[in-house]
Amino acid sequence: MAEVSATSGVGWIISPIIRKMVSAVRSYISSQFSWKSEMMSDLKNLEATLVDILMVIDKAEKQSSNDISQVMSLHQMKDAICEADDFLDEFDYMVQEKIEHLGMASAVLSIGKRLVRIEKLRSKLQEVLKTLGRVRSSSGMFAQVMAGESSSFSHSPDCVSTRATGPILHEDTIFGRTKEIDELTSLLVRECDEHSCYDGQTFNTVVHSIVGVGGIGKTTLAQAIYNDERITETFDLKIWVCVSNNFDKTRIIKEIIACIDGGENIEFTNFNFSMLQQKLRRSLDLKRFLLVLDDVWFDERFGEYRNSEMWKELIAPIKKINISPRALYTKRTGSKILLTTRAELVAKMLDSRTLFFLQGLGKDDSRMLFRKCAFGNMNPADYPELKTIEDQIVENLKGSALALKVIGGHLSGKYNTLDWNRVLQEGVLNPNDIMTILRSSYESLPKYLQQCFAYCSLFPKGYCIDPKRLIHMWTAQGFVRQDENNTNTTLEDIGRGYFNGLLDRSFFQMLRRGDQVHYIMHDLMSDLALHVSGSECHRVEHGSQFELPHYIRHLSVSVEHLENFVNCDRLRRLRSLIVLNKSWFCFNFNLTHGILCKLKGVRVLDLSGCCMKRLPNAVSNLIHLRFLAIQRTCYTLPKSISRLRHLRALFVQYHSCYSSQKFCSQQCSSRNFFNLRRGQRNTSGRYFSLPESINKLSNLVHVDIERSYALMLTGKHQLPCVEGSGEFHVGKKGQSIVGLEDLNALRGELAIRLLENVKTGEEAAKAHLDLKKHITKLELEWGLVENDGDTSNDSNFDVLNVLKPHPNLVDITISGYPGARSPTWLNSSWLSSLQLICLRDCKRWEVLPPLGDLPSLKTLEVRRMKELKVLGQEFFGLKGFPSLERLLLERLPKVEWSLVENYQLFPALIHLSIAGCPRLRQYPTYLRTLRHIAILDEEQIHFKVFMDNFELTRSFCCMLSSFFHVLHAHHLEFVENMKIYVDHFVHIPKAAFNNMKSLKELTVHGLGPSWENTYPIISTLWDESGATALPTSLQYLELLKCHMRASSLSKFLSNLICLDTLYLGPCETVGMPCQLPLSVHQLRTLRRLHIFGCGWLISLEGSEALVSLKEFFLTNCDNLESVPDMENMPSLQTLRLRSCPQVTRLCQSGCHTALQELRIESCDGLASLEDLHDLVSLRKMKVAECSALIALPDMDTFYSLKILVIHRCTQLRVLPRNGLPVSLEVFFLIEGHPLLEKQFEQKHGPDYNKVAALSGCMCRKKEHGFLAFLLTRVEIKEFLKISVVKEFEDHNRLHWLEERSSSPDKLGCQRGKWPASLRLCCCSCGKVPTAC
């Protein structure tokens, strides 16, 4: 086993804490306070003791030890230091308290006196000094031991040994890297570009880098590329040098020369570095080479500048190389350097042209590599009992090639579930093979980064790290220290440098999801953090042990396990407590008073996983607290928060219980609910306010409010850096806009409302918006204005004109502005960073400024401006919107284009949306880049087009049918996705569709109360015989609110042999009402079939062709008589049947292994489900409002069933006769037959016993007419996937809840925005999910 550093990890690197304490003691000694001589003596004694201990700790932190007695001694030192630190914190708290109450001058006189509290503190100080004295005595002997026992305290050979690699592949098969090999090889061999060619025959040597965490497979990938035939054919020389963590430029240049000369013995004894450089240049002259530098490290002993200079010296001789004429004739390309590194910082330092970030292997490739190592020549199919465990192990290893090899090799020959389950539960084994390799990265870090990284062991695997929160946690623990020579840099900026340092060294990974950036740790890095953090960091999650280590200082715990620590005395040692909730949904767990009372020394308290109506008063007693994170509370934060004098950072995040849709009306007084006119807001739901007492927190430097809530700003707040979404309401007689004057540290978003109450420009100018450089999004809103029609009043223009934002602004909205003129700051290039402008409800604004000159503007929205008349040259400016991608014009009744013949207008426009602009008749430029078109209402826009060049290449085209004539047939040749909204009768020629050769997705949607207008378009798509103008390659077809001949639909579908998805509904038939079957006998590739509101449908014929169908929804088909036999749909995973009253049974002839979800609702003709059997993969089942149902299927073969919901099946008297499956985790019985419910209320009866027999059954009390049985705790989102959802307006919302329940990220950006039509009836309350 690798030797573990006794001083490694967050717990042992305590020298920064001691230095902070020494600095604090010296500041008190030299301060203006008049200490009594005894107190001054004690302080000086404390200083001397700390300095002595610091000398020992400094040495200990540079050594490693596995000697238990030495480790115990260091733990005792740490305890004494922490006790002293707590004392100094308490002492500082007392000083601040006195200054606050008495003022500085009086406090100077008072603090030095023999006050009772001072005496208590001095008594405690003396106890601390005794403890530290004992530690100092033992530390002297400890220092001698460390000096004398070099064998005990030496660097672990595992960690400092230099790794050696070569170019020869020792793998006979490389799994999953074909794409990466091809991509990088092509990059290396392709012809040169203008950057690599220096002159006619001299080329710049280009550097490319492979970046990734240790063990991910960088070296193997480089070896595969090195040995690729294309590389051999292209380059005259191939050179491989392993750099490793022992950087020696002389050694490296000698190895390069030796490789060039074929490994012959060369005497370099008399060569200095300059001579070696010249020798290298001569050796490579006129040669085209590939140099692979494997395993390049950043040498932490030197700074970034020195590292960069050393590498520049090394590669200077080969930076520009002459290429022989023969080589130029063969291929015009230069030499290349390929390096592999764990640190992005190294790649940037060497000016890499390309940074190739290597990710883990895919799931299938990971499985193949694992099987090769675990089974060798054995057949995995011979061990089916290991299949499930194998899948879980492979998933846990996250594609790490090294881990897959190590774990697979460990299990080789051990083909029993006991060994495999042990690996699955204990995680990565053999730290000598994995952790030693990764630990070398950790050991190379500076000490200040080591402790920061080890602290991250508190976060679970896959946790999205918020850099701001983490940096403030580090700061609260004293890990971030200010350089004495650079006092102008804030601790937050220094901490950001720490974070970036770990990111550049690949300890963190950056993931982009759309516009969002997330930071995570690779699972192996998470294991490494736990490995190095020792016993002082501990996290409790599902499956973890609840017993805390003796020396614990930092704890993270899943909220559902919090109650297990109520009586745990070791909480008193904690300096960090982080309560996590992986689910987006609140579990209604709170932090008890018993736990809070034990957290005497806590510095970081993250309660964002707890549900709290109000912040407990006990929090105000945590005098050491520096970081506090909570979910939004129902009540305002208490005034007593002002007692947290050391608090530096406050975070308030989203709380699903108190979303913008719902507020605790029962707990909060009714005064929160006002009937307000336009411009004012209900302060109950989406707003959050801070008490005025927060101004007393002199150390508070950061307040971060979740942007789902608006922080109510007032002039009484003297806030530090506030980040989030702030709102300032200007009052008529109360709050003036002058209150914004000193809030220049605001960050993020700012909305200023009720600007009609600002009377003069002089008053508005005092807001100093131009000094608020951290505001990126600004909204200026006027409410109802008196004398709205008075055009002589220019006071509103004066107000807007002086509300000049800072040029860093990115997004601005001006709403309700009653003036007629534009502010001068919009006429200039002042806002050069502006990317979005929204102007709305500005009723008198007549002429827009030259917004076209804004260089970065990407989105422009102009809405409901009834006096706006012209969009002309003044609007376009001189540049014509060079970056604009999205233009939206809505309800502009008077606006017209003042046409300009300028081909340079809108060169980047992608999306155009026009609605309610009846005078817009022509588009003032040529279509080139336009991809998304939406012309709504009855506007007819004529476009100028380049007839030869106009293409909607691979585009999405959305338009009204009345607009279709604008585009010629050949313009649609490359359209892949088209949506046609049919607003009125129009004939579209068949030739328009005949040329749509690339069409893959088509939607036809009828608008308005009458759907007959869709029939001509449908008739164009296919005729009576089913012959179609659409390509047979069509994959997606959606017909909504359409009229058609149902008899021809089956013929039409038979031509769409590639169809993947089909949506029908609601659709009606033309002519006499009829009832017909729908033939699907050619749809063998169909995977999704949704039929909604097709009253003419009685059955589906040819269902045996639905071999690929995975998702089948039938809704509101009143005459449907039968559902296809599930045996005909072997791939079916989800079946939902709703409001089909004529269906009497579901058929299943044999075992069905694919179905995972079955949902049946409002099928009043369905009496029995006994035909269903052997649904071995079914996980979720719900039967609701089936009034005739009397029998459920036997479930003894439903091996995977986890969730079962029975809702309002009032004739169902009994549960399955063989009982419920043992796999069941959640069972809901909602408004069932009275006899059945009675058994559960009385907890007695044959059917109750079927549930009670299941292990771990808990009976929840009856509420709102339902009984719930939770067998094990599962995330609420799992229940939401199967919960009762009612009253959807149309089938497009059918997936809303399921899609977002399965993706917390999707829910995160939709917080509080549930569809108005959605009801979650788990308790028959009719409320939205957050209310339940």
| task | Begin from the C-alpha positions of Ile174 and Gln223 and carry the test side chain to side chain contact (heavy atoms under 4.5 Å, CB included) through to its verdict. | result | CA-CA 10 Å; Ile174 298 178; Gln223 289 169 337; over 6 Å; no
| request: Let me see the working for Ser186 and Arg230 under side chain to side chain contact (heavy atoms under 4.5 Å, CB included), right down to the final yes or no. | output: CA-CA 8 Å; Ser186 299; Arg230 291 168 290 179; 4.0 Å; yes
| message | Determine whether Arg177 and Leu361 satisfy the following criterion, side chain to side chain contact (heavy atoms under 4.5 Å, CB included), listing intermediate values before the conclusion. | response | CA-CA 8 Å; Arg177 296 302 187 193; Leu361 294 172; 3.5 Å; yes
| message | Between Leu276 and Thr250, is the side chain to side chain contact (heavy atoms under 4.5 Å, CB included) condition met? List the steps. | response | CA-CA 8 Å; Leu276 288 171; Thr250 302; 3.8 Å; yes
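Using a 4.5 Å heavy-atom threshold, the side chains of Ile494 and Tyr448 count as separate. The shortest distance between side-chain heavy atoms of Val346 and Arg505 does not fall below 4.5 Å. Looking at heavy atoms from C-beta onward, Phe370 lies in side-chain contact with Leu411 at the 4.5 angstrom threshold. Residues His208 and Phe356 form no side-chain contact, since every pair of their non-hydrogen atoms from C-beta on lies 4.5 Å or further apart. Side chains of Ile231 and Val292 form no contact here, defined as non-hydrogen atoms less than 4.5 Å apart. The shortest distance between side-chain heavy atoms of Phe508 and Cys456 falls below 4.5 Å. Considering only heavy atoms from C-beta on, Cys373 comes within 4.5 Å of Leu369 through its side chain. Using a 4.5 Å heavy-atom threshold, the side chains of His522 and Ile216 count as touching.
A distance of 8.0 Å separates CG in Leu221 from OG1 in Thr185, rounded to the nearest 0.5 Å. With rounding to the nearest 0.5 angstrom, the CZ atom of Phe499 is 10.5 Å from the CG atom of Asp504. Summarising the geometry, atom OH belonging to Tyr442 is positioned 4.0 Å from atom CD belonging to Gln450; distances are rounded to the nearest 0.5 Å. Distance check: Asn307 CG to Leu345 CG gives 7.5 Å after rounding to the nearest 0.5 Å. For the atom pair CG (Leu502) and CD1 (Ile465), the distance works out to 9.5 Å, reported to the nearest 0.5 Å. Rounding to the nearest 0.5 angstrom, the gap separating the CG atom in Leu290 from the NZ atom in Lys336 is 9.0 Å.
Between the side chain of Trp474 and the backbone N or O of Phe479, no donor-acceptor pair lies under 3.5 Å. Checking side-chain atoms of Thr205 against main-chain N and O of Ile318 turns up a donor-acceptor pair under 3.5 Å. In this structure a side-chain-to-backbone donor-acceptor pair under 3.5 Å is present from Lys238 to Tyr226. Between the side chain of Gln277 and the main chain of Glu313, a donor-acceptor pair closer than 3.5 Å is present. A donor-acceptor pair under 3.5 Å links the side-chain atoms of Ser335 to the main chain of Phe289, judged by distance alone. No side-chain donor-acceptor contact under 3.5 Å links Arg371 to the backbone of Arg367. With hydrogens and angles ignored, the 3.5 Å screen pairs a side-chain donor or acceptor of Ser366 with a backbone N or O of Gly362.
For the pair Asn272 and Met275, the tightest heavy-atom approach, listed with the atom from each and the gap, is OD1-N, 2.8 Å. Ala454 and Cys537 make their closest contact through O-SG, 4.2 Å (heavy atoms, listed as atom of the first residue, atom of the second, distance). When every heavy atom of Ala224 is checked against every heavy atom of Ile181, the shortest pair comes out as CB-CD1, 3.6 Å. The shortest non-hydrogen separation linking Ile260 to Ser283 is CG2-CB, 3.8 Å. Nearest heavy-atom pair across Val241 and Glu255 is CG1-OE1, 3.5 Å. The shortest heavy-atom contact between Ala222 and Thr340 is CB-CG2, 3.8 Å.
Remark: Glu492 does not engage Arg496 in a salt bridge, criterion side-chain N to carboxylate O under 4.0 Å. Residues Glu344 and Lys348 are paired through a salt bridge, judged by an N-O separation under 4.0 Å between the basic side chain and the carboxylate. Residues Asp295 and Lys218 are not paired through a salt bridge, judged by the lack of any N-O separation under 4.0 Å between the basic side chain and the carboxylate.
Shown are Leu339, Asp351, Leu338, Leu293; of these, the side chain to side chain contact (heavy atoms under 4.5 Å, CB included) with Ser209 is made only by Leu339.
The number of heavy atoms from other shown groups lying within 6.0 Å of CD (Glu309) is above 12.
Figure legend: cation-pi geometry between Lys372 and Phe175 absent, as NZ or CZ is not positioned both under 6.0 Å from the six-membered ring centre and within 45° of its axis.
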